[in-house]
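Quick caveat: nothing in here was measured; it's all calculated off a predicted structure. For this chain, numbers begin at 1 and follow the sequence in order.
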Amino acid sequence: MQSLAELTDILQARRKQLGLSQKDMRMRIGMSQQQYQKIESGSDVRLSTLLRILEGMGLELAIRPPGQESASRSVDRASTDARADIEPEASVWSVELGDLKDSE
């Protein structure tokens, strides 16, 4: 991931994959819909806030040197925007997120 836009795409895709609305995030991470919406729309986010969001979505942060992407990522990054209207199960992020299950 090299941009905030990519991060927001991942968060939005995961939220939709879990069948959650932005309002539902309040119960998951203790953040109002308005606060969460700002993050999904590209506002800068503090690391502690990002970690809380990732935990609430059953995700974790991984840091690695440039060029060492996940082996499961087989879809070109340039196609991400074109896939925004595809069902989450068929999206580029479902490849990256694998078979993560909702912890509830």
Side-chain angles (χ1 to χ4, degrees):
M1 175 175 4
Q2 294 182 9
S3 71
L4 188 56
E6 285 181 88
L7 174 63
T8 60
D9 288 346
I10 291 169
L11 294 177
Q12 185 176 45
R14 177 63 174 163
R15 177 179 55 77
K16 289 179 179 181
Q17 184 181 43
L18 293 171
L20 301 171
S21 69
Q22 289 180 341
K23 271 186 167 179
D24 296 328
M25 297 308 291
R26 180 179 185 104
M27 296 303 292
R28 285 219 167 213
I29 60 174
M31 182 179 289
S32 73
Q33 184 269 331
Q34 293 83 3
Q35 291 170 308
Y36 184 77
Q37 187 277 330
K38 285 181 182 180
I39 292 167
E40 270 194 16
S41 67
S43 289
D44 204 356
V45 60
R46 292 174 48 171
L47 179 58
S48 59
T49 302
L50 175 60
L51 292 173
R52 184 171 63 174
I53 291 169
L54 294 176
E55 181 180 0
M57 291 183 162
L59 300 173
E60 64 182 32
L61 181 64
I63 300 173
R64 61 183 154 262
Q68 291 186 359
E69 293 186 17
S70 170
S72 66
R73 187 171 186 145
S74 60
V75 180
D76 183 28
R77 289 181 186 188
S79 67
T80 302
D81 292 335
R83 296 173 155 259
D85 59 338
I86 297 174
E87 290 293 321
E89 292 76 25
S91 76
V92 63
W93 302 116
S94 65
V95 172
E96 187 68 23
L97 297 173
D99 293 326
L100 295 174
K101 302 288 186 220
D102 189 2
S103 62
E104 291 186 325

Arg52: side-chain contact (heavy atoms from CB on, under 4.5 Å) partners, not counting sequence neighbours: Ile29, Met31, Thr49

Note, Leu7 side chain near Leu50 side chain (heavy atom, < 4.5 Å): yes

As an exercise, state the distance from [atom1] of [X] to [atom2] of [Y], rounded to the nearest 0.5 Å.
X     : Y     : atom1 : atom2 : value
Lys23 : Gln34 : NZ    : CD    : 8.5 Å
Leu11 : Ile53 : CG    : CD1   : 6.0 Å
Leu18 : Asp24 : CG    : CG    : 10.0 Å
Met25 : Gln35 : CE    : CD    : 11.5 Å

For Gln37, side-chain hydrogen bond (donor to acceptor under 3.5 Å, both in side chains) partners two or more places apart: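 Gln37: no side-chain hydrogen bond (donor to acceptor under 3.5 Å, both in side chains) contacts found.
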
Where at least one partner belongs to residues 29-48, residue pairs that pass salt bridge (charged side-chain N to carboxylate O under 4.0 Å, His left out), sequence neighbours excluded: Arg15-Glu40

